[in-house]
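Since the model is a prediction, treat every value here as computed from it, not as a measurement.
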Amino acid sequence: MNEWLAGASRAQLALVMGLFCGIGGALGVVVIAGEGWAGALPAAIGAGLGGGLIGATLLHGQLRRRAEALGPLPAATRRAAERASLRGPVPEDPGTRAAAHALARTALAEHRRRRVVGIVSALFVLAMLVFLAVQASPWWWAGVAAAIGLLVHGWVVLPRRLERRAELLQPSSGGPDGGRDG
């Protein structure tokens, strides 16, 4: 799927994201909101259009920048670099290590690029969940806790983790132990 995503056009990404979001929105209205199938069509159309817009703009740009950071690599090397950019041992192969470092730096740049939008949208979702918890049902407090956890992870944990991983993967940092002396 990653290979297909890396080569997908804007229209393909818009179509796939629109379909997934539209189906998810319709099912969400039917199952969670309890409005039945009558409310499913407007929800499917709205969520599908929103998902298509996100797929054609944000997702397309992000996938292009990742592909540019990797360059032309064999599929096995690309998969190893993608895995190493997030976790696991530092690759011994210099090409895989350089690609993993480029991916980690790209992920950090993407995070910094969308930081304000991410925080504002997360706070908006958090405010909606608090409103629902107060007005509708106490079960929404579980959503509030999850949203706070995701906000803290995205704002504090993830950038630090990406910075550490990029430092560890630097091609000039020595051997597989990251250049640290025992």
Side-chain angles (χ1 to χ4, degrees), residues 1-21 23-24 50-126 142-143 145-182:
M1 185 68 163
N2 286 338
E3 293 174 29
W4 182 85
L5 281 174
S9 68
R10 283 184 191 272
Q12 290 171 326
L13 289 172
L15 180 65
V16 169
M17 285 290 293
L19 283 174
F20 281 125
C21 290
I23 291 168
L53 182 64
I54 289 171
T57 56
L58 299 176
L59 184 61
H60 182 264
Q62 184 178 10
L63 290 172
R64 291 293 158 254
R65 286 185 288 277
R66 282 179 54 92
E68 289 171 6
L70 276 175
L73 289 176
T77 305
R78 183 186 46 76
R79 281 192 301 273
E82 287 174 346
R83 186 174 37 256
S85 71
L86 298 173
R87 64 187 173 283
V90 175
E92 293 182 23
D93 176 48
T96 305
R97 185 176 185 164
H101 178 258
L103 275 178
R105 298 300 302 168
T106 301
L108 187 58
E110 285 291 326
H111 181 270
R112 288 180 178 152
R113 177 186 184 137
R114 304 198 196 292
R115 188 171 201 153
V116 172
V117 172
I119 290 171
V120 168
S121 60
L123 290 174
F124 178 73
V125 169
L126 183 63
I148 289 172
L150 289 172
L151 184 61
V152 168
H153 181 268
W155 198 9
V156 178
V157 177
L158 183 62
R160 290 181 184 168
R161 182 175 168 215
L162 288 172
E163 287 171 357
R164 284 193 306 264
R165 194 65 187 171
E167 288 175 12
L168 186 65
L169 290 167
Q170 283 183 359
S172 62
S173 64
D177 65 346
R180 286 178 251 140
D181 293 331

Student: Scan Val156, Leu162, Leu158 and name whichever one has a side-chain contact (heavy atoms from CB on, under 4.5 Å) with Arg160.
Tutor: Val156
Student: In Å, rounded to the nearest 0.5 Å, how long is the span from CG of Leu123 to CG of Leu151?
Tutor: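 Answer for the CG-CG pair, Leu123 versus Leu151, is 5.5 Å.
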Student: Calculate, to the nearest 0.5 Å, the distance between atoms CZ and CZ belonging to Arg65 and Arg113 respectively.
Tutor: 4.0 Å
Student: Is it true that a side-chain atom of Arg87 and a backbone atom of Arg165 form a donor plus acceptor pair closer than 3.5 Å?
Tutor: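 Side chain of Arg87 to backbone of Arg165: no pair is present.
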Student: With distance as the sole test, does Arg97 use its side chain to make a donor-acceptor pair with the main-chain N or O of Ala84 at under 3.5 Å?
Tutor: no
Student: So, the side chain of Arg83 versus the backbone of Ala100: is there a donor-acceptor pair under 3.5 Å, distance only?
Tutor: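 It does not hold such a pair.
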Student: Is a side-chain N or O of His60 found less than 3.5 angstrom from the main chain of Ala14, in a donor-acceptor match?
Tutor: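 No, His60 side chain to Ala14 backbone: no donor-acceptor pair under 3.5 Å.
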Student: Taking Arg66 for its side chain and Leu103 for its backbone only, find out whether a donor-acceptor pair lies under 3.5 Å.
Tutor: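 Not confirmed, Arg66 side chain does not pair with Leu103 backbone.
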Student: At their closest point, which heavy atom of Ala147 faces which heavy atom of Leu126, and how far apart are they?
Tutor: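 Smallest interatomic distance, heavy atoms only, reads CB-CD1, 3.9 Å.
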Student: Using 0.5 Å steps for rounding, measure from the CG atom of Leu58 to the CG atom of Leu13.
Tutor: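 So the gap between those two atoms works out to 11.5 Å.
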Student: Using 0.5 Å steps for rounding, measure from the CH2 atom of Trp155 to the CG atom of Leu150.
Tutor: 14.5 Å
Student: Nearest 0.5 angstrom please: Thr57 OG1 to Arg10 CZ, how far?
Tutor: 7.5 Å
Student: Say you draw a straight line from CZ of Arg164 to CG of Leu169; how long is it, rounded to the nearest 0.5 Å?
Tutor: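 Interatomic distance, Arg164 CZ to Leu169 CG, rounded to 0.5 Å: 12.5 Å.
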